[in-house]
Protein chains: 2
Amino acid sequence: MSSEQQITGVDGIAAALEQAIHEHRLSPGMKLGEDDLAEVYGVSRTIVRAALQSLAHNRLVDLRRNRGAFVAQPSIVEAREVFEARALLEARTARSAAERAGPEDIARLQAHIDAEHAALAAGDTGRALHLSGQFHNEIAEIADQATIAEMVARLIARSSLIIAVYWQRRSALCESHAHHELLGAFAAHDADRAEELMQGHLLDLVTSLDLRSDRSAPASLREALAQGGAA
Amino acid sequence: MSSEQQITGVDGIAAALEQAIHEHRLSPGMKLGEDDLAEVYGVSRTIVRAALQSLAHNRLVDLRRNRGAFVAQPSIVEAREVFEARALLEARTARSAAERAGPEDIARLQAHIDAEHAALAAGDTGRALHLSGQFHNEIAEIADQATIAEMVARLIARSSLIIAVYWQRRSALCESHAHHELLGAFAAHDADRAEELMQGHLLDLVTSLDLRSDRSAPASLREALAQGGAA
DNA sequence: GTGCGCATGTTTGTATACAATCATGTTGCA
DNA sequence: TGCAACATGATTGTATACAAACATGCGCAC
């Protein structure tokens, strides 16, 4: 599983950066110099700029004119807003998914949950969080509403960053249980319950965050990126 | 009101192109050649590419690799999805706006409605549609939910394109009446009614579209852009 | 000693040049 | 006559060069 593959293209760079942000290798507020990124990934600034623009559009990086790009630092109100929007949208996707989910969808979601459990058991909370996000994404896809699914996907990506910032370690992430319940509602085609569970799940997620204090931890860029993603 | 102002910067080009799309000067499916746009606006392809990327992110243009940029042609299912998403999100914004709207908000919205009436009376349906979109945008801002407001803004922009494609002339746009009712609910702080009215309003909008057949009408690029926006 | 102003280096913004890919029209062969 | 392969032109993808703005540090004046 050595990720020695050469990263290429705008989308590749954008994906690599996004992954680095989600894995908390790039801390919020960290400067993303164009020359540095270009050298790290072995491409020109043209590509880097396009990738940064793409990420900025998803609110993962903050682009300041003549100042440069920085990893976004979602504010507390932004954190609340994102999860409120998710509750609104995903209540709908959960409902639709409960109505539409076929056996193969159930199986796929179950596999996600299993993988999540495994990652959690292995102590890889980073991967567990990633899979958790993917789970929500999968639900949005099953709902067969591409427009809403796309918005949900963006919000999930932002959530990942928000969690990276405001996560308080003491609250155990027992969400896999919530996911399991959700899956049960899908299997039973119980739309009302699915909607309710999803809203409760997202509410739990918000309350598990520490939305009072803010922190920051800038570090070295090249170091953070060297261990993964680059050639 | 001569728009002889020099358009500059990525955002300027993007805004000009977006306006041209909304005003139906750029028809869906029309090719947006980088060299052409660069020459029309007097900038380099670098700027044009960035602007096109931005519009592509909002689904206003379709970017095909090694093929070029084209004005988006929203499909019928996409049209339905966009308005369904709007109904979901704007039901919330309408509710929040009803709860939070102050006198100055009411006044601003009333001014919007008046302007809309005036444009309609003057036969400028294009401007009326633009103002109608702005009205919805204003509501989202009053709701004080920046995240949702931003999503709504994007959906409104897409709606504008959708309306340009699927509008059937025979259905009179009596929406200003709906807007007036909505305003009444805001003034009365009747959240339930506001939510209901908004959903009904958007539902009416969808049904006023012709979502059965599809059409297309490509034309000349420079001609379409020459009359407005460029220096 | 402190604060302002300037000089210098670094970084971003923009334009242009080159490479790669795609579209098109022509020519040769069946 | 029809189709296929190729040559050619046009357009996009990428890299690089230049210009402008910002940040930093030093020196000088107060």
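Labels below follow one simple rule: chain letters A, B, ... track the order of the sequence lines, proteins then strands, and each chain is numbered from 1. Scope of the values below: all heavy atoms of this structure, side chains included, with no hydrogens, waters or symmetry mates.
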| query | Roughly, in whole Å, what's the span from CG in N66(B) to P in dC22(C)? | reply | 5 Å
| request: Would you kindly give the CD-to-P distance between E39(A) and dT11(C), to the nearest whole Å? | output: 11 Å
| With R64(B), which residues qualify under salt bridge (Lys or Arg N to Asp or Glu O under 4.0 Å), at least two apart? | D62(B)
| query | Taking CZ from R64(A) and P from dC22(D), how many angstroms apart are they, rounded to a whole number? | reply | 14 Å
| field | Residue pairs passing the salt bridge (charged side-chain N to carboxylate O under 4.0 Å, His left out) test where at least one lies in residues 66-81 of chain B, sequence neighbours excluded | value | E78(B)-R158(B)
| said: Enumerate the ring pair (Phe, Tyr, Trp, His ring centres under 6.0 Å) contacts for residues 10-34 of chain A, please, sequence neighbours excluded, ordered by first and then second residue. | reply: none
| said: Rounded to whole Å, how long is the line connecting atom CG of L32(B) with atom C1' of dT11(D)? | reply: 14 Å
Hey, what are the protein-to-nucleotides 14-18 of chain D N/O distances that come in under 3.5 Å?
from, atom 1, to, atom 2, distance (Å)
dA15(D), OP2, S44(A), N, 3.1
dA15(D), OP2, S44(A), OG, 2.7
dA15(D), N7, T46(A), OG1, 2.9

| field | Any side-chain heavy-atom pair of L209(A) and W167(A) under 4.5 Å | value | yes
| task | Round to the nearest Å and state the distance from K31(B) atom NZ to dT11(D) atom P. | result | 7 Å
| request: State which residues pass side-chain contact (heavy atoms from CB on, under 4.5 Å) with E141(B); sequence neighbours excluded, sorted by chain then number. | output: N137(B)
| field | Test ring-ring contact (aromatic ring centres under 6.0 Å, His included) applied to F135(A) - qualifying residues, sequence neighbours left out | value | H179(A)
| query | Got a sec, which residues hit side-chain contact (heavy atoms from CB on, under 4.5 Å) with R154(A), two or more places apart in sequence or on another chain? | reply | N58(A), E150(A), H57(B), R154(B)
| What are the residues of residues 51-62 of chain A, sorted by number, that bring a heavy atom to within less than 4.0 Å of DNA chain D? | none
| remark: Rounded to whole Å, CG of D36(B) lies from P of dT11(D) at a distance of 7 Å
| Between C1' of dC22(C) and CZ of R67(B), the distance in whole Å | 7 Å
| Pairs flagged by salt bridge (charged side-chain N to carboxylate O under 4.0 Å, His left out) wherever residues 8-24 of chain B is involved - sequence neighbours left out | E23(B)-R25(B)
